Colleague: 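Right, I'll just put the structure down here and ask away after.
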Amino acid sequence: MAMILAVSMTGCHNSNITGISKGDWIRLIIARAGIEGHTENKPYYMNINEQSEYFNDIQAAVEWQIIDPAYPFEPDEMLNREWTAFTLVNLARDLNEGSQASIKDISKSSFSDSVATAVASGLMKLDSRNMFRPKKMIDRNEAEDCLDLVIEHINNRHFEEDIFEIDWADDAEVFDGSDLYIDEETKSTVVPDDFGAVEGDVIISSKGIDTKAWKVVSQEGNELQLEETDLSKEAESINVQGSISVNFNEAEIYDANGNLLSSPPSGSHQNDYIELMAERTNVQKFELNGFDITIKSKDGSFSVDAEKKLTNGKIYAGIGINGMDADFKMKTNYFIPESVYWHMKFNTSETLGIQSDIKKSFVGDFSKLDSSNFLGSLSNFMQKKEDAVQTELKLATVKVPLFEIPYCDLVIDVILQLKLSGKAEIVLSQNYNFGAEYVNGNFRTIKEHDHTNDFTLKAETTLTAGVRTSIVTIGVNLMDASVNAGVQASVKANVHMFDDDGQMHDYPVDASADLADELAAEADDVVVCVDAAGGWVLNVEFFSSKSEAGKLLGQVKIDILNPKNAPLFKGAGQHFENWQAVDQCTRKSRPKSDEREVMETKGKISLDAYSLAVHPGETKSISVLGLPAGYSLSDLTVTSSDPSVASVSGLSITGISSGSAVITISTSDGTFHAACNVLVPEARAS
């Protein structure tokens, strides 16, 4: 509410009145608040049935208690100020109540309490005469500004008070058995004289990230006979809430096999970690499925890097998490949920790359390749060389204690999904603000996301990073959520080969595009284009079947971004020539080269080559085989369409940087011209 008060000091006001109907207003609220559907199909308003365009939104608004069927609702009426206050205060739920005494025309409103609260919170303002004007039509911009403030508030709740209240069935007590040895075969343990547990009580045993609950079924002296139990079945009511800004130096970090990699110093309060938080960067290394894994953590950041050697190169991937905040609330009574709120906010950075080191020895001398053997050599080389990776790596599990809430931890699983071949590099930076809220049998979701990216794609590529977070108390997963985000892309190579007459023929190939491109660089009669397609991926899951919220409420899965609604490129895909994006293919048939030409020709300049591949730093020459009558070599001028790609000195051409250029040979009077297309491939690694 401090945010609302600060932002609202100038009030929600606009002098140009453009109204909005009540039906459209409710539709806007439902969409902006992320409210997912309704449970009752019987109309709450007789005048708004299933044939109405507003039916689904009105049903959801009633069930979310944004509007009340006790008050008539006409969707075509224009929204006024009191209905704005009424709906927004109901949506926010927890704004501070206000006094009606200072509002001179409060008696004219049907929703006096809502109006007073809207004014007291700073959400809406009075005029200079302390009048609210409840029946006055509100400007659409003013209403939307106020809605923005409420959405910001409900999507970013912060709980100042930490609560941990669990009432156990049959007055059972819970004991910490971390120091006990529990024989899981005989299901028994021997306890100290002062342990205190009796029949019906519960003992919690934690081993790393695994926690089990044992119920005492009998006792003989200091030996207790146990049975494993589900703590959720022992709790009659749960009331837990809290907010945390994660400090990873306070966490226990486990590898994919559950082995403890690092833990903070012993202690029971956050103050024990002040020195650690300020000075230490924790670094851990281990091996997983052929990948070398490195984990780093310090204060509010956590990163995992994975690297694996391939036949002819390496693959590297990583994910970093920064600034993670969590807000949660769960209240149940006799296994019936009353309210659930779960909100995560954090930033991730992801990298994925595959580096190829192609060896000439695998295919012999590239310079001997031409259109007659190019496809066969490419196919043969693919069988020998191709490196492909497809795997899912659960890189780490992080267990962060919630110091002010006993027996409660935030557990974070970090997962990478990789699929690629050829050559690729992707760098992503993503901001997440997501969550879910359950009230009165209905869900709403928070799903804000933005990203920046840089990528080079020369192969089929998938990189998605998964972050799964859970609130775990006494071994019970109360609620959880996971986000999976990244990029999917497919790249297809199209080989253009030119015959003796200069006619171009297309051959789509399944070979890795970067390999085809490198082979083609040595064949003057072959060029390679690439068509790339793909899109962003973002899906969120709330309340898995392993969580209490999921068992009570069911899972909620939302597909937010996919290649169809969020493509990487404009249109269906992107065309690349020499790895430069172009709108469409520019490869064309070439003028025929006639080797029988003599120095004197009829009205044309004849060259020995009309296309060349010249590597950066390499120089090749063009030979003039024939000239129109009356001209000599000294009458020719030679120019490059792009000297930054290929420069010319007389009839010598030098490759400068990757790209393509047209070398034009003209007579000095401009009457006759000839052109040579030059391709400068990317420089190969030594």
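Note that the coordinates shown come from a computational prediction; the quantities given were computed from them, not determined experimentally.
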Colleague: For atom NZ of K329, decide whether the heavy atoms of other residues, nucleotides or ligands shown that lie under 6.0 angstrom number more than 12.
Modeller: no
Colleague: Just by modelled atom types, is the S349 backbone N or O under 3.5 Å from a matching donor or acceptor in the Q430 side chain?
Modeller: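 Looks like no, no N/O pair under 3.5 Å.
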Colleague: Less than 4.5 Å apart, side chain to side chain, heavy atoms only: is that true for I321 and V414?
Modeller: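 Side chain of I321 against side chain of V414, heavy atoms only: contact under 4.5 Å found.
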Colleague: Let me see the working for H343 and N156 under side chain to side chain contact (heavy atoms under 4.5 Å, CB included), right down to the final yes or no.
Modeller: CA-CA 7 Å; H343 175 239; N156 297 278; 3.5 Å; yes
Colleague: Which heavy-atom pair separates G37 from A60 by the least distance, and what is that distance?
Modeller: O-CB, 3.5 Å
Colleague: Does N247 use its side chain to pair, donor to acceptor, with the backbone of N249 at less than 3.5 Å?
Modeller: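 Checked: pair present.
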Colleague: Rounded to the nearest 0.5 Å, how far apart are CE of M330 and CH2 of W342?
Modeller: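 Separation between the atoms: 12.0 Å.
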Colleague: Could you walk me through whether L538 and Y432 pass the side chain to side chain contact (heavy atoms under 4.5 Å, CB included) test, one step at a time?
Modeller: CA-CA 10 Å; L538 175 61; Y432 303 98; 4.0 Å; yes
Colleague: Under a 4.5 Å cut-off applied to non-hydrogen side-chain atoms, are V411 and V398 in contact?
Modeller: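 Sidechains of V398 and V411: no contact.
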Colleague: Once you round to the nearest 0.5 Å, how far does OG1 of T473 lie from CG of D409?
Modeller: 8.0 Å
Colleague: Determine whether Q488 and L568 make a side-chain contact, defined as any pair of heavy atoms from C-beta on separated by less than 4.5 Å.
Modeller: no
Colleague: Whether D94 and R157 form a salt bridge (side-chain N of Lys/Arg under 4.0 Å from carboxylate O of Asp/Glu) is what I want to check.
Modeller: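 Looking at D94 together with R157, the answer is yes, because their closest N to O distance falls below 4.0 Å.
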Colleague: If you take all heavy atoms of I558 and E36, which pair is closest and at what distance?
Modeller: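 What the structure gives for the nearest pair is CD1-OE2, 4.1 Å.
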Colleague: Measure the shortest side-chain to side-chain distance between I253 and I295 over non-hydrogen atoms and say whether it is less than 4.5 angstrom.
Modeller: yes
Colleague: Do R93 and E437 sit within salt-bridge range, that is, some charged N less than 4.0 Å from a carboxylate O?
Modeller: no
Colleague: Give a yes or no answer on whether the side chain of S243 reaches the backbone of F159 with a donor-acceptor pair at less than 3.5 Å.
Modeller: yes
Colleague: Using modelled atom types only, decide if a donor and an acceptor are shared between the side chain of S470 and the backbone of N477 within a distance under 3.5 Å.
Modeller: no
Colleague: State the CG-SG distance between N141 and C146, to the nearest 0.5 angstrom.
Modeller: 11.0 Å
Colleague: Donor-acceptor pair, distance only, cut-off 3.5 Å: does the side chain of N565 make one with the backbone of I560?
Modeller: yes
Colleague: Rounded to the nearest 0.5 Å, how far apart are NE2 of H153 and CG of L95?
Modeller: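 Result: 5.0 Å between the selected atoms.
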Colleague: Between Y341 and I154 (side chain of the first, backbone of the second, donor and acceptor by atom type, cut-off under 3.5 Å), is there such a pair?
Modeller: yes
Colleague: Apply salt bridge (Lys or Arg N to Asp or Glu O under 4.0 Å) to residues D57 and R27 and explain how you reach the verdict.
Modeller: CA-CA 6 Å; D57 297 315; R27 175 178 290 172; 3.4 Å; yes
Colleague: Can you name the closest pair of heavy atoms from L410 and A326 and give their distance?
Modeller: CD2-CB, 4.4 Å
Colleague: Does a donor on one side chain sit under 3.5 Å from an acceptor on the other, for D413 and T397?
Modeller: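 A pair is found: one side chain offers a donor N or O, the other an acceptor, under 3.5 Å apart.
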Colleague: What are the two closest heavy atoms between K546 and K551, and how far apart are they?
Modeller: O-CE, 4.4 Å
Colleague: Please report the shortest heavy-atom distance between L402 and F328, naming the atom on each side.
Modeller: CD1-CZ, 3.4 Å
Colleague: Within this structure, what is the CG-OG distance for the pair L149 and S121, rounded to the nearest 0.5 Å?
Modeller: 9.0 Å
Colleague: Any salt bridge between D325 and K345, counting N to O under 4.0 Å?
Modeller: no
Colleague: For G34, is there any backbone N or O sitting under 3.5 Å from a side-chain donor or acceptor partner on R444?
Modeller: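 No, R444 side chain to G34 backbone: no donor-acceptor pair under 3.5 Å.
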Colleague: Would you check if V240 and L478 make a side-chain contact, meaning some heavy-atom pair closer than 4.5 Å?
Modeller: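 SC-SC contact between V240 and L478 confirmed.
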Colleague: In the structure I gave you, are the side-chain heavy atoms of I66 and I35 within less than 4.5 Å of one another anywhere?
Modeller: yes
Colleague: Show your reasoning for whether side chain to side chain contact (heavy atoms under 4.5 Å, CB included) applies to L260 and E252.
Modeller: CA-CA 7 Å; L260 180 64; E252 296 176 353; 4.0 Å; yes
Colleague: Any chance the side chains of N539 and D559 put a donor and an acceptor closer than 3.5 Å?
Modeller: no
Colleague: Do the non-hydrogen side-chain atoms of E287 and D292 ever get within less than 4.5 Å of each other?
Modeller: yes
Colleague: Looking only at side chains, do Q417 and T464 share a donor and an acceptor under 3.5 Å apart?
Modeller: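 Per modelled atom types, Q417 and T464 side chains form a pair under 3.5 Å.
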Colleague: Measure the CD1-CG distance between I319 and L428 for me, rounded to the nearest 0.5 Å.
Modeller: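 The CG atom of L428 is 10.0 Å from CD1 of I319, to the nearest 0.5 Å.
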Colleague: Give a yes-or-no answer on whether the side chains of D480 and S544 include a donor-acceptor pair shorter than 3.5 Å.
Modeller: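 There is such a pair between these side chains.
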Colleague: Has the side chain of N257 got a donor or acceptor atom that lies under 3.5 Å from a matching backbone atom of N259?
Modeller: no
Colleague: Would you say the side chains of T294 and Q284 form a donor-acceptor pair under 3.5 Å?
Modeller: no
Colleague: Among D450, T348, N322, T452, find the one that has a side-chain hydrogen bond (donor to acceptor under 3.5 Å, both in side chains) with N431.
Modeller: D450
Colleague: Apply side chain to side chain contact (heavy atoms under 4.5 Å, CB included) to the pair L91 and W64, showing each step before the final yes or no.
Modeller: CA-CA 8 Å; L91 176 63; W64 203 259; 4.0 Å; yes
Colleague: Just by distance, with hydrogens left out, do N155 and R32 show a side-chain donor and acceptor under 3.5 Å apart?
Modeller: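 Their side chains do not contain a donor-acceptor pair, so the 3.5 Å distance test is not met.
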Colleague: Hey, are the side chains of L463 and L416 touching, using non-hydrogen atoms and a 4.5 Å cut-off?
Modeller: yes
Colleague: One thing to verify: whether D305 and K296 come together as a salt bridge, which I'm taking to mean a side-chain N less than 4.0 angstrom from a carboxylate O.
Modeller: no
Colleague: Quick check: closest heavy atoms across A396 and F302, and the distance to 0.1 Å?
Modeller: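 Of all heavy-atom pairs spanning A396 and F302, the closest is CB-CZ, 4.1 Å.
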Colleague: Would you say that more than 12 heavy atoms from the other residues, nucleotides or ligands in this model lie under 6.0 Å from the CD of E97, or not?
Modeller: no
